[in-house]
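Lettering of chains follows the sequences in order, A, B, ..., and the numbering in each one begins at 1. The model shown is predicted, which means the values in this text are computed figures rather than measured ones.
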Amino acid sequence: MENKPCPSDTIKVRFAPSPTGYLHIGGARTALFNWLFARHHKGTFILRIEDTDRERSEDRFWKQILEDLEWLGLNWDEGPIFQYDRKDIYDRYAQQLIQEEKAYHCFCAPKQIQDKSYNQKCPCGQIQPDQAKSKIAAGEAASIRFRTPHEGNTEFKDLVRKRVSFDNKEIDDFIIIRSNGQPTYNLSVTIDDALNEITHVIRGDDHISNTPKQIMLYQALNFQIPQFVHIPMIMGPDNTRLSKRHGATAVGEYRKKGYLPQAMINYLALLGWAYNDRQTIFSLPELIEKFSLQKVSKKAAIFDPQKMEWMNGKYIRKINDEEFISHALPYLSHAGLISEDLLQEPTQDIKQIVLSVRDRMKLFSDLPELVNFFFTKKIRYTEEAHEKIFSQPNNLPMLKELHQRLERLETFDEEAIDTIFQELIKERGLKLGDLIHPVRSAVSGKTTGPGIFLMLVLLGKDRVLERLENIFRHTHIKAVKIKKDE
RNA sequence: GGCGCUAUGGUCUAGUGGUUAGGACGGGUGAUUCUCAGUCAUCAAACCGGGGUUCGACUCCCCGUAGCGCUGCCA
């Protein structure tokens, strides 16, 4: 129900991370919802870095956050705006509040505040302004507290929920300027959201309890109150706030593992939002078109890495060959399987090799292990492969026979190889699998992989013959067997 | 403890005052006369509890319970 239509071109939202860590799954999802909302309404999406905590903020973090957002494709229209650069602005408003006696200096030492009810009762609120002024002139350290109204209640309409209401006497006289002069979150976020003319504050619902404080500030400062939208949090499998101990949570880690940004976007969009009961895969334009805050869930969602991996596999198969190959090749060169100068102009062989295992990948980082035997001179045999080769005493003569026939082959293509296999099994009274499995194991060292005929063609006649020969000539390959597939 | 938010299969969710409560991941089974994967088909699996309101509640209201969040000179 949209009773009051917002003129599309006036919508303005922001993503405001603090540079105290990497961009994580939850932050990325918040950024995404803001971005989708902005793009859907042809509004403005701005990026703000909330670096008022000087102790914990680091340059490397905001730099990385920007990089990760760019990788995800969440481009911003304004910013990044750094709050640290805007200290004067916050000071000015804080002074205004002092002037109007809506805030007061607090001379309590930080440690003094042990008692939970202390903030509410801070005696500094009683100090006369003149007296406070002289204490400051005398060099006493002071923070600034906002004088909260202790009667009535503060409520707001959240776009995702109904009406949220707080009793004002529950809300303490909170600090707005630290004794080191830096503003705190509640002050800086309020001033910036107001000054940047943010129309919709879309953020995690861990901020619900901060909202009444900010509303009080909007009112005290005479700012127009924006629309609040609190989206549910993302939890780990144990239903606690998602954190490092749940494994990879940083967007950058997923990038390294070989996730496609569009897969992450698609998965993240579905964490707390759904369009209907039939569609799971959404292109970016579709997400922009179909996204709406009305359909955002109220319930915290548990992050499921398995489903995201599935989603990535879907996208790996969805993108076109060119795109797939250009994403894939760097993983081969990083693994030392191909040289870097092949990245720009890969050979047809390399392209086909990579394409041959596409359906078997969920992550690009899976690739090297899937194709390494195409590139290394010496292959390693898994235990299973070793078993497949030597379990049947007839296998060795069979492989030898195959070797001879393949050797005579003029055109080494799938069709010709197929014919030879068919002939051989017929003569020996075998099933196709009886031949194929030992051969695959012999030439690749693995029991799984692409179809055997394609695999042989891609390996090339010489290497196939060499590896078969290696088996029936030197049965000591046992020595190089490794533990498991993968 | 106080305050706030939330509650549909294991997970992400759709949905309605009367439905066989739908889809996706994961799991099971089968097909794809070579594996794995992929694809397709198929199966199992849910409305937190108690009171109301109502002819009828998973759906609306209240209470309870549980989970989470806030309760910082963090954001």
Side-chain angles (χ1 to χ4, degrees), chain A residues 16-21 27 50-53 55-57 83 106 108-111 113 116-117 119 141-145 158 160-162 164-167 169-172 174-186 188-189 203-213 230 232-233 235 237 239-241 267 270-281 295 297-311 313-314 316-317 357-362 366 370 384 388 421 431-437 439-441 444 446-453 455 485:
Chain A
S18 66
T20 54
E50 307 214 319
D51 56 352
T52 56
D53 183 346
E55 252 86 90
R56 298 197 304 148
S57 296
Q83 291 192 318
C106 168
C108 306
K111 282 189 195 118
I113 305 161
K116 300 228 176 193
S117 58
N119 284 315
S143 59
I144 298 177
R145 281 183 192 276
D158 190 295
V160 171
R161 289 147 231 281
K162 304 167 197 165
V164 185
S165 178
F166 290 84
D167 193 330
K169 63 172 171 287
E170 297 294 335
I171 298 167
D172 299 338
F174 55 94
I175 304 259
I176 54 176
I177 300 282
R178 299 176 172 92
S179 47
N180 69 4
Q182 291 300 324
T184 62
Y185 165 73
N186 281 310
S188 58
V189 79
R203 72 218 323 185
D205 69 14
D206 50 337
H207 284 297
I208 289 180
S209 306
N210 282 322
T211 307
K213 296 180 186 172
H230 289 101
M233 314 248 325
M235 319 297 268
N239 203 33
T240 63
R241 204 182 182 131
Y267 176 72
L270 260 21
L271 219 47
W273 174 84
Y275 179 62
N276 59 20
D277 67 341
R278 38 189 82 214
Q279 192 172 0
T280 304
I281 304 292
K295 305 222 70 178
S297 153
K298 303 188 227 334
K299 190 185 149 199
I302 293 173
F303 175 62
D304 180 4
Q306 218 174 7
K307 187 164 183 177
M308 190 162 82
E309 201 171 277
W310 165 82
M311 182 75 79
K314 274 285 187 201
I316 282 180
R317 277 166 255 126
V357 295
R358 196 217 273 237
D359 287 350
R360 292 163 182 78
M361 298 169 50
K362 282 210 166 68
D366 293 340
L370 253 17
E384 291 85 349
K388 277 263 165 35
F421 271 56
K431 285 179 294 177
L432 193 53
D434 296 333
L435 175 58
I436 282 174
H437 296 148
V439 173
R440 176 182 287 106
S441 295
S444 72
K446 300 175 199 295
T447 55
T448 65
I452 190 67
F453 305 127
M455 183 188 276
D485 266 316

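The side chain of Asn239(A) sits closest to C68(B) out of G38(B), C68(B), C74(B). With A75(B), U39(B), C25(B) as the candidates, the nucleotide lying closest to the side chain of Lys314(A) is U39(B). For Arg178(A), counting side-chain heavy atoms from C-beta on, the closest listed nucleotide (C74(B), G4(B), C68(B)) is C74(B). The side chain of Asp206(A) has G69(B) as its nearest neighbour among C3(B), C73(B), G69(B). Among the nucleotides C3(B), G69(B), U35(B), the one closest to any side-chain atom of Arg241(A) is G69(B).
Rounded to the nearest Å, the gap between the C1' atom of G10(B) and that of C47(B) is 16 Å. Taking atom P in both C58(B) and G2(B), one finds a spacing of 32 Å when rounded to whole Å. For G49(B) and A66(B), the P atoms lie 15 Å apart once the distance is rounded to whole Å. The same atom, C1', is picked in C5(B) and in C73(B); the two are 27 Å apart, to the nearest Å. Straight-line distance between the C1' atoms of C43(B) and U20(B): roughly 16 Å, to the nearest whole Å. Taking atom P on both nucleotides, A21(B) is separated from A46(B) by 11 Å, rounded to a whole Å. For the C1' atoms, the distance from A14(B) to A24(B) is 11 Å, rounded to whole Å. Here, G18(B) and U13(B) have their C1' atoms 24 Å apart, quoted to the whole Å.
Applying the ring pair (Phe, Tyr, Trp, His ring centres under 6.0 Å) rule to Phe421(A) yields the partners Phe453(A); only residues at least two apart in sequence or on another chain are considered. Scored by the side-chain contact (heavy atoms from CB on, under 4.5 Å) test, His207(A) finds Tyr185(A), Arg203(A), Asn210(A), His230(A) as partners (sequence neighbours excluded). For Pro450(A), the side-chain contact (heavy atoms from CB on, under 4.5 Å) partners two or more places apart in sequence, or in a different chain, are Ser356(A), Val357(A), Met455(A).
For the side-chain hydrogen bond (donor to acceptor under 3.5 Å, both in side chains) condition, no pair includes a residue of residues 299-311 of chain A, sequence neighbours left out.
The base of C5(B) does not come close enough to the side chain of Arg161(A) for any donor and acceptor atom to sit less than 3.5 Å apart. Judged by atom type and distance alone, Arg440(A) reaches the base of C34(B) through a side-chain donor-acceptor pair under 3.5 Å. A donor and an acceptor atom never sit less than 3.5 Å apart when one is taken from the side chain of Thr184(A) and the other from the base of C73(B).
Residue Ser18(A) places none of its side-chain N or O atoms closer than 4.0 Å to OP1 or OP2 of C74(B). Not one side-chain nitrogen or oxygen of Arg203(A) sits closer than 4.0 Å to the OP1 or OP2 atom of C70(B). Listed pair Arg317(A) / A37(B) fails the phosphate criterion, with no side-chain N or O lying under 4.0 Å from OP1 or OP2.
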Can you check nucleotides 42-44 of chain B for protein contacts, nitrogen or oxygen pairs under 3.5 Å, and list what you find?
none

> How would nucleotides 10-23 of chain B be written as a contact map, 5' to 3', with B for base contact, S for sugar-phosphate-only contact and - for no contact, using protein heavy atoms under 4.0 Å?
Replying inline: -SBSSS------BS

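Of the possible polar contacts, one joining the Lys295(A) side chain to the Tyr275(A) backbone as a donor-acceptor pair under 3.5 Å is found. A donor-acceptor pair is defined here as one N or O able to donate and one able to accept, closer than 3.5 Å; no such pair exists between the side chain of Ser179(A) and the backbone of Ala141(A).
One atom, CE of Met233(A), and another, C1' of G4(B), lie 14 Å apart when rounded to the nearest Å.
Looking at which nucleotide of RNA chain B each of Ala142(A) and Asp167(A) is closest to, the 5′-most match is held by Asp167(A). Residue order along RNA chain B, read from the 5' end via each residue's closest nucleotide, puts Met308(A) first among Met308(A) and Ile177(A).
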